[in-house]
Amino acid sequence: MTGSYHINDTASYHREWLKTLGWELTVTNALEGAASPCRSILDKNGSFGDLLADHLGTLIPLGSISSVLEIGGGYGFLMRDFLRRVRVNKAAMVELSPVLLNKQRETLKGFNVTFTENDFFSIGADFFRDFDLVLMNEIVGDFPTICDIDPAFLKSADSDIDPVLGRVKDFFTALGLPVPEGPFNINTGAIEAVDKLCSAGVKYIYLSEHSCEAKVPENMQNRIKIESTQNPERIPLMGHCEYTVKFSYLVQVAEQRGYRVRRGQYKDFITFPYTDRVNFILTSHSQKEEHEIIRQFIEDLYKYEYMVLTREG
């Protein structure tokens, strides 16, 4: 039926789950601890935050950053590692989960950090103008996604339209997006988050997430299996689900707001030599726990994309 859809909205129906500490094996968590098996294959044995800081230092002048904000900071590992590397006058965390916020307080004990329990979408733009750099690491896939949309309504001239679908239509009109041929999903929360931060004039914005557009180089396609669906897809996790992100839409939002965009994959800054051991892990189908973890980790280095947005002028 024209106009049908449903909404995946983590903020509204996962509040009970967010009161608990459900461990999710993100790339950040996979690299936590020097003894992590994932670190054993890397060119540099470092935490995620340490490797990201190295990379960001090649893209933006970290020495000029005086204030930093992380949205949805998980266990606080990234902010901890960042603050070890970069001296700032002001650091803050915004988190929806009170339990995760308490965990962040433990991780960041000894650092001068302000903690705010709130929904990102409920915070006014003025709040974000106080920060030179905003980090959204592995979080925007949890933001609302509108799913199973019948594209017929995009071509309709009917002015009496459902408000949710009206918002989707506004996105397509404003960004000049081509109309999908069949039912599709759209990361409205991620689009609105980028637009909100760009509208606030934040100097530098970093975000990352699973991508529905990620690809593997041809020489690795027989070792790493990633399907580039071009349509955000559901990822079931403990107590909730999230969606992969269509990064090309986020690029268009940022560029329309006057930002320069650097887009890439985690493998750009989390690098590993292709040794005999790595080849065995990727090709042997070994069920040894360490090998399964490393296989998943390497796949994620290609599946995760990131963007660094720099305000022009």
Minimum-distance pair of heavy atoms, taken over all atoms of M307 and V261: CE-CG1, 4.1 Å
message: Centroid separation under 6.0 Å, is that true for the rings of Y306 and F269?
response: yes
query: Is it true that the NZ or CZ of K169 lies under 6.0 Å from the centre of F172's six-membered ring and within 45 degrees of the ring axis?
result: no
- prompt: With sequence neighbours left out, what residues match Y259 under ring pair (Phe, Tyr, Trp, His ring centres under 6.0 Å)?
  reply: none
message: Pairing donors with acceptors under 3.5 angstrom, does anything connect the side chains of T145 and N185?
response: no
- prompt: How would you list all residue pairs meeting salt bridge (Lys or Arg N to Asp or Glu O under 4.0 Å) that involve residues 253-266, not counting sequence neighbours?
  reply: D195-R257, E213-R263, R260-E312, R263-E305
statement: Smallest heavy-atom separation, P236 atom then C241 atom, equals CA-CB, 4.0 Å
task: Apply the test side chain to side chain contact (heavy atoms under 4.5 Å, CB included) to residues S47 and R39: give CA-CA distance (whole Å), side-chain angles for both, the deciding distance (0.1 Å), then the verdict.
output: CA-CA 8 Å; S47 66; R39 286 207 200 185; 3.5 Å; yes
- request: Decide whether a cation-pi geometry holds between K215 and Y302; the criteria are a distance under 6.0 Å from NZ or CZ to the six-membered ring centre and an angle within 45° of the ring axis.
  value: no
field: Inter- and intrachain pairs under salt bridge (Lys or Arg N to Asp or Glu O under 4.0 Å), touching residues 286-301, at least two apart
entry: R277-E290
query: Do D170 and R167 sit within salt-bridge range, that is, some charged N less than 4.0 Å from a carboxylate O?
result: no
task: Look at the aromatic rings of Y75 and F77 and report parallel, tilted or perpendicular, splitting at 30° and 60°.
output: parallel
- prompt: Is it the case that Y274 and N279 place a side-chain donor and acceptor less than 3.5 Å from each other?
  reply: yes
statement: Correct closest heavy-atom pair for L250 and V245 would be CD1-CG1, 3.7 Å
field: Within 45° cone and under 6.0 Å: K267 NZ/CZ vs F272 ring
entry: no
Quick one: side chains of residues 200-207, donor-acceptor pairs under 3.5 Å with protein atoms, not counting sequence neighbours, listed by atom name and distance.
from: Y206; atom 1: OH; to: N137; atom 2: OD1; distance (Å): 2.9
from: Y206; atom 1: OH; to: S208; atom 2: OG; distance (Å): 3.2

- request: Decide if the gap between the ring center of F48 and the ring center of Y266 is smaller than 6.0 angstrom.
  value: yes
- request: Taking only Lys NZ, Arg NE, NH1 and NH2, and the carboxylate oxygens of Asp or Glu, determine whether E233 and K246 approach each other closer than 4.0 Å.
  value: no
message: Can you give me the closest heavy-atom contact between G189 and F121, atom names plus distance?
response: O-CZ, 3.4 Å
- prompt: Which pairs pass salt bridge (Lys or Arg N to Asp or Glu O under 4.0 Å) with one or both residues in residues 48-63, sequence neighbours excluded?
  reply: K44-D50, K44-D54, D50-R85, D54-R85
Pairing residues for R105 by the side chain to side chain donor-acceptor pair (under 3.5 Å) criterion, not counting sequence neighbours: N102
message: Aromatic contact between Y304 and F247, with the criterion being ring centroids under 6.0 Å apart: yes or no?
response: no
field: Non-hydrogen atoms of A214 and Q265 that approach each other most closely
entry: CB-NE2, 4.0 Å
